[in-house]
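By convention here, the first residue in the shown sequence is residue 1. These figures come from a predicted structure and were not determined experimentally. Hydrogens, waters and symmetry mates are skipped; everything else that's a heavy atom, side chains included, is used.
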Amino acid sequence: MELWGRMLWTFLSGPGRRGGPWGWTFSSWQPHLPLAGLSCATELVSRWTGIFEQRGIPEARESSEYIVAHVLGAKTFQSLRPVLRTQPLTPQQLKCIQELSNCRLQRMPVQYILGEWDFQGLSLKMVPPVFIPRPETEELVEWVLEEVAQRSHAVGVQGGPLILEVGCGSGAISLSLLSKLPQSRVIAVDKEAAAISLTRENAQRLQLQDRIWIIPLDVTLEGSWTHLLPWGPVDLVISNPPYVFHQDMEQLAPEIRSYEDPAALDGGEEGMDVITHILALAPQLLKDSGSIYLEVDPRHPELVSSWLQSHPDLYLHLVAVRRDFCGRPRFLHIQRSGP
């Protein structure tokens with residue numbers, strides 16, 4: 001993803017990066033009148049950028065460029081042919097840009113407005129309130145791919161890994177791993193029906209449905225791991241779980257609070273509620289020397305390390321912490337070693 005795409009999420013994500021209940025907030029909404037005299041894409045981008053800035057919309061220019069480019073059939077404004085930037089738009093195109101821009105004025109995330117978003121080179125359908133994948137999570141996938149490549153080279157492993165993703169959301173992690181590891185297989189679980197449905201649809205769109213099993217499952221329920229035993233021991237468990245500290249939820253950006261599912265965000269008092277369930281579940285499912293990769297809050301490496309030390313019976317050890325592109329400790333590699 002381009003740098004300014006990452007910057008978009010830096011602004012939208014707020015202190016804790018995630019959000020709250022999905023819903024429209026139209027109480028103060030007033031439709032904008034047609035922008036008379038503006039007929040080409042370049043003029044519309046400039047005008048809507050000004051409107052967004054006046055209304056305090058984050059990343060005003062990027063938002064307007066995404067919307068205008070989308071209506072003209074491109075992913076980015078920069079990729080538009082020069083002639084498309086200056087030729088007059090049709091009345092229908094003007095109306096569509098106005099409607100989508102009005103959604104942005106209500107702080108709807110650009111990803112939901114466009115109905116799609118790129119992740120690791122894959123175009124994924126996006127539907128509220130399913131959690132929108134962030135640029136940080138692309139780094140988690142890159143780290144896993146590096147580790148898989150190094151391990152396969154070191155031990156001469158044939159074939160691809162069997163991977164369990166906990167909390168698949170839109171399917172971004174699972175599908176990007178499947179696309180980069182042609183011999184891999186994935187078990188993707190999520191407790192939300194909307195996420196299960198969207199992952200299935202994205203898998204079919206990308207023609208990856210033959211190597212992924214998508215299962216509705218809540219890992220916080222006692223004994224839930226037994227439902228996964230028939231699929232066999234897995235090589236990797238990977239997750240971007242709900243990890244926002246509960247007290248931080250209200251500090252998140254309106255784009256997040258108003259539209260994304262809080263269940264995909266709120267990790268409890270210390271953001272550890274789902275993380276600890278994943279760690280307790282993993283030894284039942286991991287192969288010997290199998291690994292867990294987690295995306296977490298920067299405060300979590302120390303908390304997770306302490307929790308693991310207090311649960312030696314799990315035979316799990318924190319072996320590496322990796323920083324995100326902003327320099328924050330964001331990703332954990334935990335390995336099973338023992339019975």
Side-chain angles (χ1 to χ4, degrees), residues 140-141 144-145 147-148 151-152 155 157-178 181-200 202-204 208-243 263-264 267-268 272-296 304 307-308 310-319 332-339:
L140 175 63
V141 170
V144 172
L145 291 171
E147 295 288 332
V148 169
R151 179 174 174 81
S152 299
V155 300
V157 173
Q158 298 297 315
L162 176 60
I163 303 165
L164 169 64
E165 184 190 2
V166 177
C168 56
S170 65
I173 293 175
S174 290
L175 298 174
S176 57
L177 290 172
L178 285 174
L181 300 170
Q183 293 182 295
S184 64
R185 295 165 296 144
V186 168
I187 306 160
V189 305
D190 202 294
K191 68 177 183 177
E192 300 296 336
I196 291 293
S197 176
L198 186 56
T199 294
R200 284 196 178 119
N202 278 324
Q204 291 168 355
L208 293 169
Q209 68 273 18
D210 292 341
R211 291 191 288 127
I212 184 170
W213 297 277
I214 304 164
I215 305 170
L217 186 75
D218 184 350
V219 298
T220 66
L221 298 179
E222 185 176 357
S224 61
W225 61 272
T226 59
H227 297 286
L228 299 175
L229 286 178
W231 305 93
V234 302
D235 298 282
L236 304 174
V237 174
I238 184 168
S239 183
N240 177 18
Y243 61 65
M272 291 274 288
D273 287 3
V274 179
I275 291 173
T276 54
H277 277 96
I278 292 171
L279 296 176
L281 162 89
Q284 314 292 337
L285 301 170
L286 274 175
K287 294 179 181 177
D288 191 28
S289 298
S291 292
I292 307 165
Y293 291 90
L294 299 175
E295 179 177 330
V296 297
V304 169
W307 191 89
L308 290 175
S310 67
H311 294 78
D313 56 310
L314 296 177
Y315 297 95
L316 295 175
H317 304 279
L318 178 60
V319 296
L332 307 181
H333 177 193
I334 298 161
Q335 194 163 33
R336 178 188 176 192
S337 57

Requested in this report: With rounding to the nearest 0.5 Å, note down the distance linking CZ in Arg211 to CG in Leu162.
Outcome: 12.0 Å
Query raised in the report: Do Asp235 and Ile163 have side-chain heavy atoms sitting under 4.5 Å apart?
Result: no
Query raised in the report: Got a donor-acceptor contact below 3.5 angstrom from the Arg336 side chain to the Ala282 backbone?
Result: no
**Report entry** Minimum-distance pair of heavy atoms, taken over all atoms of Glu192 and Ala263
**Finding:** OE2-CB, 3.7 Å
Query raised in the report: Does a side-chain heavy-atom distance below 4.5 Å link Asp273 with Thr220?
Result: no
Requested in this report: Could you tell me the separation between the OG atom of Ser239 and the CG atom of Leu279, rounded to the nearest 0.5 Å?
Outcome: 9.5 Å
**Report entry** Pairwise side-chain contact, Ile238 with Ile292, heavy-atom cut-off 4.5 Å (strictly under)
**Finding:** no
**Report entry** Main-chain N/O of Ile196 paired to Thr199 side chain as donor or acceptor, under 3.5 Å
**Finding:** no
Query raised in the report: Would a distance-only check, ignoring hydrogens and angles, find a side-chain to backbone donor-acceptor pair under 3.5 Å from Ser174 to Ile187?
Result: no
Report task. For Pro241 and Glu295, work out which heavy atoms get closest and say how close. Result -> CD-O, 3.3 Å
**Report entry** Glu222 atom CD: more than 12 heavy-atom contacts under 6.0 Å
**Finding:** no
Query raised in the report: Are the side chains of Val304 and Leu294 in touch, meaning some heavy atoms are under 4.5 Å apart?
Result: no
Requested in this report: Any chance you could measure Arg185, atom CZ, to Leu164, atom CG, to the nearest 0.5 Å?
Outcome: 12.5 Å
**Report entry** Distance, nearest 0.5 Å, that separates OG1 of Thr226 from CG of Leu281
**Finding:** 10.0 Å
Requested in this report: Supply the atom-to-atom distance Asn240 CG to Ile173 CD1, rounded to the nearest 0.5 angstrom.
Outcome: 5.5 Å
Requested in this report: Write down the atom of Pro233, the atom of Leu286, and the distance for their closest heavy-atom approach.
Outcome: CB-C, 4.4 Å
**Report entry** Working for side chain to side chain contact (heavy atoms under 4.5 Å, CB included), residues Leu316 and Trp307
**Finding:** CA-CA 10 Å; Leu316 295 175; Trp307 191 89; 5.7 Å; no
Query raised in the report: Quick one: does Asp190's side chain get under 4.5 Å of Leu217's, heavy atoms only?
Result: no
Query raised in the report: Only one of Glu165, Gln209, Arg200 clears side-chain contact (heavy atoms from CB on, under 4.5 Å) with Ile214; which?
Result: Arg200
Query raised in the report: Any donor-acceptor pair under 3.5 Å linking the side chain of Ser197 with the backbone of Ala193?
Result: no
Query raised in the report: About how many Å separate CG of Asn202 and CG of Leu208, when rounded to the nearest 0.5 Å?
Result: 10.0 Å
Query raised in the report: Just wondering, do Val148 and Pro161 contact through their side chains at under 4.5 Å, heavy atoms?
Result: yes
**Report entry** Whether His333 and Tyr293 hold their rings parallel, tilted or perpendicular, with breakpoints at 30° and 60°
**Finding:** parallel
Requested in this report: Would you mind reporting whether His317 and Ser337 have side-chain heavy atoms less than 4.5 Å apart?
Outcome: yes
